[in-house]
Amino acid sequence: MTPLPRRASAAAAMITGLALFAVVLPPGVAGAAPRAAEVVPRSGALPSYISPAEQARLLADATAAREGTANRLGLGVKERLVARSVLKDMDGTLHTRYERTYDGLPVLGGDLVVHTAPSGRMKGVTRASKDRIAVPGTKPVRNAGSAGAFSVRAAEAAGTEGAVVGRAPRKVVWAAGDGRPVLAWETVVKGTQADGMPSELDVVTDATTGAELNRREAVVNAIGTGAPRNTGAEPAKAGRVEGRGVGHSRHSGRVELGTSRYGSLYTLTDNARGGHRTYDLMNDQSGQGNGGRLVTDTDNVWGDGTSANRQTDAVDAAYGAQVTWDYFAEVHQRYGVRNDGDGASSKVHQTNSRGAYWYDSCFCLVYGESGTTPYTSIDMAAHGMASGLVAATTNFSYYGESGGIAAATRDIFAAAVEFHAGNPRDPGDYLTGENVDQGGLNHRYRQMDRPSKQIRGTDYWHPRISSSQHGVYMAGPATHWFYLLSEGDGAKTVNGVAYDSPTHDGLPVTPIGRAAAERIWYRALTVHMTSSTDYLGARAATLAAAADLYGASSQTYRKVAEAWGAVNVGTRPGGSPRPVGPSFENTANYPLPADASTAESPITVTGVPGKAPNILLVDVNVVDSGQLMELVAPDGSTYPLVNGFSLEGSPSISTSGVDASAETANGTWKLRVRGSGYYSGYIDSWKLTF
C-alpha cells in the first residue's frame with residue numbers, strides 16, 4: 001500500500017511546551033490559492049490550549065467566585081451567575097462566559113463574558129443585556145398548557161408536520177428582546193420540516209399576554225441515544241494514533257482516516273480526535289438521528305468512492321469531521337467544538353431528509369440522503385460542526401439579527417476548513433454546498449463574494465431589511481464582509497473559481513488575507529459576542545478582536561472597519577451614511593389564486609434619474625404567506641424576495657434588499673406572488689424605496 005502524503009502540523013510552531021492532541025492530517029497538497037501577505041498577530045492575544053482538567057478547575061474557580069463577580073458587575077439580589085466555559089490567551093488573560101438566572105429561573109439573553117487579567121483584575125465585561133434583570137413576579141397569568149398549544153399551532157403554520165410538544169414548557173425570563181425583561185414560557189416543539197428535515201422548534205411566549213416573543217430552530221441544516229462521549233480524558237499524545245485507515249470517498253478522493261481496532265474488526269473511531277465515531281443509521285426514517293451502528297471493517301480499507309458501497313458516505317463524514325477537528329486544533333487551539341476534548345459523532349444514511357443537520361441534543365451531525373449526491377462534502381461537515389461551536393459559545397438566540405450572524409459563522413468556518421484541508425479533489429473556495437444536490441435543487445449553494453447571486457440573500461446590510469429577516473438571508477452581509485476582508489473587491493480567480501465582489505459604496509477594499517480574517521472572526525465569536533449580537537455588535541466585536549490581535553491603531557484594524565463599511569454596516573473611517581431616496585407604493589389589494597399560480601401588483605416609478613440602487617428596499621405585506629415572491633424589473637428581469645411568516649388569515653410583512661444597480665430606475669416594476677394553494681390570501685400592499 002502506497003503511503004499517503006502528510007502535511008506537517010502548524011500547532012507545534014505556535015505553541016511549545018504543551019501536551020497536544022495527536023493530529024492526523026489530510027493529504028498535503030500544494031495548490032491552495034496564494035494568500036495575501038500574512039499579518040502577524042500579537043502572540044499574547046492568541047488562544048492558549050486548556051486541558052479538560054484545567055477547564056474544569058477554572059470553571060470551579062469561577063463558580064466559587066460568582067457571588068463576588070456578580071457584586072462587581074452590579075447585578076440584582078435575585079440574579080445569579082452560572083459559569084459555562086473559560087478561554088485563556090497566551091498571556092494568561094481569561095474570558096469566562098456566564099449564563100444568568102433570576103429567582104432561580106433561566107434568563108434567556110442574560111449571558112455575559114468577563115475578561116480577567118492574569119493578575120486577577122477584571123479588565124471588562126461583554127453583556128448580551130445591559131439591564132439589571134427584574135420582573136414584577138414569577139407567577140404566570142397564562143399556564144403552561146396554553147403556551148404549549150400556541151407553540152404547536154405556530155410550528156404547524158410554519159410548515160412543521162406532525163408537530164407535538166417535545167419538551168414541556170419551562171418558565172424563564174426573556175431578556176433578549178428590545179424591551180424590558182418579561183416572564184415567559186419556553187416550549188420545544190418536535191416534528192418534521194417541510195423539506196423533510198427534523199424539527200426542534202424552540203418557541204418563547206409571554207407568560208402574561210400569550211404573545212410570541214421568539215422562535216429558533218435547534219436542528220440546524222448544514223446548508224444544517226447519541227454517541228458515547230469523551231468527557232474529560234486528557235488529549236492523546238503525539239504518536240499515539242491507534243490506526244490509520246485508507247478511505248475511498250465520494251467527494252475527497254483517497255484519504256487517510258483515523259481508525260481503531262477492536263479484536264478482529266476496525267471501527268471508524270478516531271481516538272486521536274476526541275473519540276469521534278461514525279455511525280450508519282441504516283436508512284432510519286424517524287428523522288431524529290437516533291441510534292445507528294458503528295461503522296466497522298475487516299481490512300481498514302473503507303469504501304469504493306461510490307454510494308453503492310455504504311461505507312463511502314461514512315468515509316466522507318469521518319474525513320470531514322477530522323479535517324474540521326484539525327483546523328480548529330491547529331489554527332485556534334480548540335480541541336473539539338466545545339473545547340472539551342470531545343470529538344462528537346457523525347451519522348450517515350438518514351432516509352427522507354435533505355442536507356446535513358446538527359443536533360446539539362445528541363452532539364452529533366446527521367447526513368440525509370435524499371437527492372442524487374450525498375451531503376458529506378468537506379464544507380457540509382465543517383458547516384454542521386460549526387453549529388456545535390455556536391451552541392457551545394454564544395448560543396445565538398436568533399432574535400433579530402443574531403440568527404444571521406449564526407448562519408454566517410457556519411459559512412465562514414465551512415470555507416476556512418475547506419481551505420485548510422487542502423484536498424485536491426475539493427479545493428478551498430468561498431462557496432457553501434456547491435458539490436451536493438440539495439434535494440434536486442441543484443446549484444442553490446451560497447456564494448460569499450455576492451450572497452444574493454445563488455440563493456435568497458442580501459449583499460448589504462440595512463436596518464429596514466434586518467427588522468424582518470433572519471437566518472440565511474441575513475448571513476449575507478457578514479459572509480460578504482469576510483470575503484472582502486480576505487480577498488478584496490473586484491474580479492479574481494481563487495483555486496479555479498471566478499469571483500467578482502462589489503462594494504456598497506463603490507470603493508475598493510484592500511484585503512488582510514484569509515488567515516487574519518479567520519483569526520479575527522474566531523476571537524470575536526468566542527470572546528466578544530453574546531447570544532444577542534446583531535450586525536452593529538458584530539462590527540464592534542470584530543474591531544475589538546482586531547485591536548486585541550493587531551492593535552487599535554493598526555492598518556488591520558482600519559481595514560476591518562473599511563470592509564464593514566463596504567457592506568453598509570457602519571461607515572468607512574471618515575465616510576458618511578448613504579442617503580435615502582424616494583418611495584413608491586401600491587396599496588390596492590390583489591387576490592392570490594387558490595391554484596398556486598401567480599398574481600402581480602404594479603408600481604410605476606418616475607422622476608428617479610439613472611440606475612436603481614444596489615440596496616433597493618422592497619417592503620411587502622401579504623396576507624397568508626407560504627408563497628414564492630419575486631420583484632420584476634421594467635425590462636422583465638426577476639429578483640427573488642424573501643417571505644415573511646404569518647399564521648392563517650394574518651399579514652406577512654417582510655423587507656428585502658435587492659441589488660438592482662443594473663436596472664433603469666424609471667418604469668413599471670411588479671411584485672409577483674405565487675399563491676400558497678391552501679389559503680385564499682391576497683397582496684395587501686407593497687413599496688419600493690430607492
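Please read these numbers as outputs of a predicted model, since none were measured by experiment. Sequential numbering from 1 along the given sequence is applied to the chain's residues.
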Indicate yes or no for a side-chain donor-acceptor contact from [X] to the backbone of [Y] under 3.5 Å, with no hydrogens or angles considered.
X: Thr312; Y: Asp304; answer: yes
X: Glu487; Y: Asp449; answer: no
X: Glu630; Y: Pro640; answer: no

Non-hydrogen atoms of [X] and [Y] that approach each other most closely:
X: Arg250; Y: Pro374; answer: NH1-CD, 3.5 Å
X: Ser345; Y: Met385; answer: O-CE, 4.4 Å
X: Leu485; Y: Ala563; answer: CD1-CB, 4.1 Å
X: Glu256; Y: Tyr319; answer: O-CD1, 4.3 Å
X: Val337; Y: Ala392; answer: O-CB, 3.8 Å
X: Ala321; Y: Ala381; answer: N-CB, 4.3 Å

Roughly how far apart are [X] [atom1] and [Y] [atom2], rounded to 0.5 Å?
X: Ser402; Y: Asn395; atom1: OG; atom2: CG; answer: 10.0 Å
X: Leu389; Y: Thr526; atom1: CG; atom2: OG1; answer: 8.0 Å
X: Asp426; Y: Asp379; atom1: CG; atom2: CG; answer: 6.0 Å
X: Thr510; Y: Glu562; atom1: OG1; atom2: CD; answer: 6.5 Å
X: Leu365; Y: His276; atom1: CG; atom2: NE2; answer: 7.5 Å
X: Lys611; Y: Asn614; atom1: NZ; atom2: CG; answer: 13.5 Å

One pair to check against side chain to side chain contact (heavy atoms under 4.5 Å, CB included): Met448 and Leu431. What are the steps and the verdict? CA-CA 6 Å; Met448 289 186 173; Leu431 312 174; over 6 Å; no
Ring centres under 6.0 Å, that's the criterion: do Phe413 and His383 meet it? no
When the aromatic ring centroids of Tyr367 and Tyr375 are compared, is their separation below 6.0 Å? no
Worked check of ring-ring contact (aromatic ring centres under 6.0 Å, His included) between His332 and Tyr327: CA-CA 8 Å; His332 304 297; Tyr327 167 77; 5.1 Å; yes
For the residue pair [X] and [Y], would you count it as a cation-pi contact if the rule is NZ or CZ under 6.0 angstrom from the ring centre and within 45 degrees of the ring axis?
X: Lys347; Y: Tyr279; answer: yes
X: Arg514; Y: Phe419; answer: yes
X: Arg338; Y: Phe363; answer: yes

So [Y] and [X], do their side chains get closer than 4.5 Å, heavy atoms only?
X: Val497; Y: Tyr430; answer: no
X: Arg539; Y: Trp461; answer: no
X: Ser654; Y: Met629; answer: yes
X: Asp459; Y: Arg450; answer: yes
X: Lys559; Y: Val509; answer: no
X: Tyr359; Y: Glu200; answer: yes
X: Arg216; Y: Leu201; answer: no

[Y] and [X] aromatic ring geometry - parallel, tilted or perpendicular at 30°/60° bounds:
X: Tyr522; Y: Phe328; result: tilted
X: Trp564; Y: Tyr535; result: perpendicular
X: Tyr335; Y: Trp325; result: perpendicular

CA sep, side-chain torsions, deciding dist, call: Ile405, Asp534, side chain to side chain contact (heavy atoms under 4.5 Å, CB included): CA-CA 7 Å; Ile405 306 300; Asp534 58 10; 6.0 Å; no
Start with the C-alpha gap between Asp316 and Val348, add the side-chain angles, then the distance that decides, and say whether side chain to side chain contact (heavy atoms under 4.5 Å, CB included) holds. CA-CA 10 Å; Asp316 273 304; Val348 297; over 6 Å; no
Go through it in stages, so that I can follow the logic: the residues are Thr306 and His248, the test is side chain to side chain contact (heavy atoms under 4.5 Å, CB included), and I'd like the CA-CA distance, side-chain angles, deciding distance and then a yes or no. CA-CA 8 Å; Thr306 74; His248 298 281; over 6 Å; no
